[in-house]
**Q** 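Quick one: this structure, given as structure tokens, is what I'll be asking you about.
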Amino acid sequence: MAKLNTPKGTRDFLPQQAARRNYIFDTIRGVFDTYGFAPIETPAMELTETLMGKYGEEGDRLIFKILARGEKLKKAVENNKVEQSSEEALRYDLTVPFARFVVQHQNELSFPFKRYQIQPVWRADRPQKGRYREFYQCDVDMIGSNSLLNEVELTQIIADVFEKLGLPDIAIKINNRKILQGIAEVIGEPEKLIDITVALDKLDKIGREKVEEELVTKGISTEAISKLGVLFENVSLESVSEFVSSSEVGLKGIEELKNVISSSEKLGVTICEFDPTLARGLNYYTGAIFEVVHPEFPSSICGGGRYDDLTGIFGLKDVSGVGVSFGADRIYDLLLDKELFPAQVGLSAQVLFVNFGNKEAVQCQLWAKELRSVGIRTEVYPDSAKMKKQMKYANDKSIPYVLLVGDREIEAQEPTVKNMETGDQNAMSIDALIKHIQ
RNA sequence: GUGGUUGUAGCUCAGUUGGUUAGAGCAUCGGUUUGUGGUACCGAGGGUCGUCGGUUCGAGACCGAUCUUCCACCCCA
């Protein structure tokens, strides 16, 4: 057999895996529906210019560019051009395409606009555990409303989704970019917000010294770094509030954060926790930022935040949005590790008709039609293969009832029904079988 | 993009310091059983040892490159 493989970081999904993935998508979609979000879809590829510059330097590098074709490629090669990519690139996430979508269709939408979108995205990243080059994001966003009610609704949605998936032991880590901005202001380095937040994000991972080293390499003054000192020792909500008390933006962030956490708690969502080191590299966040983690999984399984200016880049000012993205592939890996997939996910047919030959198969098709009309999942084996093969097929697919239809059964108008679990079998009319199964 | 790691049958893996025709279990297919699966027994198919190049009389084993896997960075769902 020829050596076959899917491209790096991409996978095939066998029937059971696909069924389990659908279970995740269906669960998430079900929750989104109950909050009144509407589904949309956008193309797998966007114009390169739509994507570039929205994700920071790192993000831009990971965008899959599509090669130019035909004459354009020929010319580029002939002229020794470095740039041989076309105008198109595969989408890197669903949020930026959504912003483009909103601006482009602003006159056809009514605001605040609540949408969800479950589609694959592509990143030219190095694959590792829980990290793929093609993966599905399940995005839910509301745009055109500044209200913190939206943030609260998102924490409810997150809690609902993971409750339904049997994963209540998650934590929603919350921070606010305004607080981080306040910190940057207080230490006198407001321009270095991104560098400071990214470095701070690693505090629990690499420790204070390494963070300070990184800050130095980013050109932040030692004076500013020493001012940060207090935060390294005590990063409670109180200490951070105190730290940013001279910054208007910082205080606003604290206020928003407290509001979201306490409002969520009143609605029974008690898994939110303030994490001042949560930064998230995506440049476009301006307010609340979220990340959902599970103690037994190395990376976040859901993340998002508020973005005030994203549509501004495409020419629509003063429209704020907030949303989160569920990482279906990581959730899949986690559910698999913890063996949390319900057993009935991916059940095949309930009934298989064994095929004895053309004449008998016609009777099977007629009876199968009756069973299907009342919603019983039914197959007719397509070939009059050996009985052993057909029984094995039913056994392999865990089909609980096998129906044998030969001359005797047609004569009596009652198929022989075999219960594959007990091995018992007896003649039964189709009506009796329907009653028995239902 | 940086550093490391992995690759032998569909899957999980053996393969002695380089030495004839590379093995096992599971899976698949066939038979024992032409109207009976899940157990048992018998048998069969399936591998240019990831790929290309090098060292050697001789390479699955050694060296180099490349691809892939996984891991740590970076970043992120």
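Residue numbers begin at 1 in each chain, while the letters A, B, ... track the order of the sequences. These numbers were taken from a predicted model, which means no experiment stands behind them. All values below were derived from every heavy atom in this structure, side-chain atoms included, with hydrogens, water molecules and symmetry-related copies excluded.
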**Q** Rounded off to whole Å, could you give me the CG-to-P distance for the A:Asp329 and B:C76 pair?
**A** 18 Å
**Q** Is the aromatic ring of A:Phe135 within stacking range of B:A77, meaning centres under 5.5 angstrom and planes under 30 degrees?
**A**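 Whether judged by distance or by angle, A:Phe135 passes, so it stacks on the base of B:A77.
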**Q** Of all the nucleotides listed (B:G37, B:U36, B:A77), which has the minimum atom distance to the side chain of A:Gln425?
**A**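 Ranking B:G37, B:U36, B:A77 by closest atom to the A:Gln425 side chain puts B:U36 first.
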**Q** OP1 or OP2 of B:G30 less than 4.0 angstrom from a side-chain nitrogen or oxygen of A:Lys388, does that happen here?
**A** no
**Q** Would you mind telling me which of B:G35, B:A72, B:A77 lies closest to the side-chain atoms of A:Thr416?
**A** B:G35
**Q** Under 4.0 Å between any heavy atoms, over every strand shown, what does A:Glu214 touch: base, sugar-phosphate, or nothing? Just pick one.
**A**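 Result for A:Glu214 = nothing.
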**Q** In Watson-Crick or G-U wobble terms, both distances under 3.5 Å, what is the partner of B:C26?
**A**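 When the pairing criteria are applied, B:G10 turns out to be the nucleotide that pairs with B:C26.
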**Q** Mind checking whether A:Tyr284 and A:Tyr307 have parallel, tilted or perpendicular rings, split at 30° and 60°?
**A** perpendicular
**Q** With rounding to whole Å, what would you report as the distance between B:A40 and B:C26 at their P atoms?
**A**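 About 9 Å, rounded to a whole number of Å.
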**Q** Remember a base hit wins even if backbone is also touched, and classify A:Tyr132 as base, sugar-phosphate or nothing at under 4.0 Å, heavy atoms.
**A** base
**Q** Mind checking the P distance from B:A27 to B:C42? Whole angstroms is fine.
**A** 15 Å
**Q** Assign A:Gly304 to base, sugar-phosphate, or nothing according to its heavy-atom contacts below 4.0 angstrom with the strands shown.
**A**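 A:Gly304: no heavy atom of the nucleic acid under 4.0 Å.
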**Q** Closest to the A:Lys389 side chain: B:C29, B:C70, B:C75?
**A** B:C29
**Q** Take the protein atom NZ of A:Lys218 and the nucleotide atom P of B:C74, then report the distance between them rounded to whole Å.
**A** 10 Å
**Q** Is the base of B:C73 touched by the side chain of A:Arg126 through a donor-acceptor pair closer than 3.5 angstrom?
**A**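 Looking at the base of B:C73, it does not pair with any donor or acceptor on the side chain of A:Arg126 (distance under 3.5 Å).
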**Q** When all nucleic acid strands are considered with a 4.0 Å heavy-atom cut-off, which category describes A:Tyr393: base, sugar-phosphate, or nothing?
**A** nothing
**Q** With C1' as the reference atom in both, quote the distance from B:G30 to B:C70 in angstrom, rounded to an integer.
**A**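 So the two C1' atoms sit 39 Å from each other.
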**Q** Is the centre of the A:Phe25 ring less than 6.0 Å from the centre of the A:Tyr136 ring?
**A**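 Distance test on ring centres: under 6.0 Å, yes.
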**Q** What's the gap between B:U48 and B:A44 when it is taken at their C1' atoms, as a whole Å value?
**A** 22 Å
**Q** Taking OP1 and OP2 of B:U36, is either one under 4.0 Å from a side-chain nitrogen or oxygen of A:Lys418?
**A** no
**Q** Quick one: does A:Phe314's side chain get under 4.5 Å of A:Thr50's, heavy atoms only?
**A** yes
**Q** Measure from the side-chain heavy atoms of A:Arg61 and tell me the nearest of B:G35, B:C76, B:C74.
**A**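 Looking only at heavy atoms from C-beta outward on A:Arg61, the closest nucleotide is B:C74.
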**Q** Tell me which of A:Gly423 and A:Pro127 sits closer to the 5' end of RNA chain B, going by the nucleotide each one is nearest to.
**A** A:Gly423
**Q** With a non-hydrogen cut-off below 4.0 angstrom, is A:Ile301 in contact with a base, only sugar-phosphate, or nothing?
**A**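 Since only primed, P, OP1 and OP2 atoms lie under 4.0 Å of A:Ile301, the category is sugar-phosphate.
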**Q** Does A:Arg133 reach the side chain of A:Pro7, with side-chain heavy atoms less than 4.5 Å apart?
**A** no
**Q** For A:Cys302 and for A:Arg408, find the nucleotide of RNA chain B with the closest heavy atom, then tell me which residue's nucleotide is more 5'.
**A** A:Arg408
**Q** Please give, in whole Å, the distance from B:U51 C1' to A:Lys8 NZ?
**A**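 Interatomic distance, NZ of A:Lys8 to C1' of B:U51: 15 Å.
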**Q** Sticking with atom P, work out how far B:C57 lies from B:U12, rounded to a whole angstrom.
**A**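 About 38 Å, rounded to a whole number of Å.
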**Q** Taking atom C1' in both B:U17 and B:C13, what distance in whole Å separates the two?
**A** 23 Å
**Q** For nucleotides B:G23 and B:U16, find the distance between their C1' atoms and express it as a whole number of Å.
**A**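 Here B:G23 and B:U16 have their C1' atoms 14 Å from each other.
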**Q** Heavy-atom contacts under 4.0 Å between residues 32-51 of chain A and RNA chain B, which residues?
**A**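 Heavy-atom contacts with RNA chain B come from no residue of residues 32-51 of chain A; none.
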**Q** For A:Tyr381 and B:U36, give me the distance from atom OH to atom C1', rounded to whole Å.
**A** 14 Å
**Q** Among the nucleotides B:G35, B:A72, B:U69, which one has an atom lying closest to any side-chain atom of A:Gln128?
**A**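 Closest nucleotide among those given: B:A72.
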**Q** Select base, sugar-phosphate, or nothing to describe what A:Gly406 touches, counting heavy atoms under 4.0 Å on all strands.
**A** base
**Q** With a 3.5 angstrom cut-off on both distances, give the Watson-Crick or G-U wobble partner of B:A40, or none if there isn't one.
**A**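 Across any shown strand, B:A40 pairs with B:U32.
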**Q** Strictly below 4.0 Å: does A:Gln390 bring a side-chain N or O up to OP1 or OP2 of B:U36?
**A**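 It does not, given that no N or O in the side chain of A:Gln390 lies less than 4.0 Å from OP1 or OP2 of B:U36.
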**Q** For atom C1', what is the distance between B:G46 and B:U5, given to the nearest Å?
**A** 30 Å
**Q** With heavy-atom distances below 4.5 Å as the criterion, would you say the side chains of A:Ile220 and A:Ile196 are in contact?
**A**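 Yes, at least one pair of side-chain atoms sits under 4.5 Å.
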**Q** Just list the side-chain donor-acceptor pairs under 3.5 Å for residues 394-402 of chain A, sequence neighbours left out, or say none.
**A**
from, atom 1, to, atom 2, distance (Å)
A:Asp396, OD2, A:Lys392, NZ, 3.4
A:Lys397, NZ, A:Glu379, OE2, 2.8
A:Lys397, NZ, A:Tyr393, OH, 3.2
A:Tyr401, OH, A:His436, NE2, 3.2

**Q** Would you check if A:Ile174 and A:Leu257 make a side-chain contact, meaning some heavy-atom pair closer than 4.5 Å?
**A**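 Touching, per the 4.5 Å side-chain cut-off.
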**Q** Nearest to the side chain of A:Phe356 - B:G35, B:U68, B:C74?
**A** B:G35
**Q** Is there side-chain contact between A:Asp141 and A:Arg115, with heavy atoms separated by less than 4.5 Å?
**A** yes
**Q** Considering only side-chain heavy atoms of A:Arg131, which listed nucleotide, B:C73, B:G30, B:G37, is closest?
**A** B:C73
**Q** Without decimals, in angstroms, what is the distance between A:Asp195 CG and B:C74 C1'?
**A**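 Distance check: A:Asp195 CG to B:C74 C1' gives 13 Å.
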**Q** In terms of side-chain heavy atoms of A:Tyr92, which of B:C29, B:G35, B:C75 is nearest?
**A**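 Of all the options, the side chain of A:Tyr92 is nearest to B:C75.
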**Q** For the residue pair A:Glu134 and A:Arg11, what are the closest heavy atoms and their distance?
**A** O-NH2, 3.5 Å
**Q** Measuring from the side chain of A:Arg330 (C-beta onward, heavy atoms only), which nucleotide among B:C74, B:C76, B:G37 has the closest atom?
**A**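 Shortest atom-to-atom distance from the side chain points to B:C76.
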**Q** With a 4.5 Å cut-off on side-chain heavy atoms, are A:His294 and A:Asp169 touching?
**A**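 In short, these two side chains touch, coming nearer than 4.5 Å.
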**Q** How long is the line joining CE of A:Met391 and C1' of B:G35, in whole Å?
**A**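 Between C1' of B:G35 and CE of A:Met391: 10 Å.
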**Q** To the nearest Å, how far apart are A:Arg11 CZ and B:U68 C1'?
**A**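 So the CZ-C1' distance, A:Arg11 to B:U68, works out to 15 Å.
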**Q** Assess the pair A:Phe32 and A:Tyr116: is the distance between their ring centroids shorter than 6.0 Å?
**A**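 Yes, the ring of A:Phe32 comes within the 6.0 Å limit of the ring of A:Tyr116, centre to centre.
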**Q** Less than 3.5 Å between a donor and an acceptor, one on the side chain of A:Glu421 and one on the base of B:G37, is that the case here?
**A** no
**Q** Of all the choices, B:G38, B:A77, B:C73, which nucleotide is nearest to the side chain of A:Asn395 once you look at every atom?
**A**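 So the nucleotide nearest the side chain must be B:G38.
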**Q** Just checking A:Gly59: base, sugar-phosphate only, or nothing, at a heavy-atom cut-off of under 4.0 Å?
**A**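 The answer is nothing, as A:Gly59 stays clear of every strand by at least 4.0 Å.
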**Q** How many Å lie between CD1 on A:Ile399 and P on B:G38, as a whole number?
**A** 15 Å
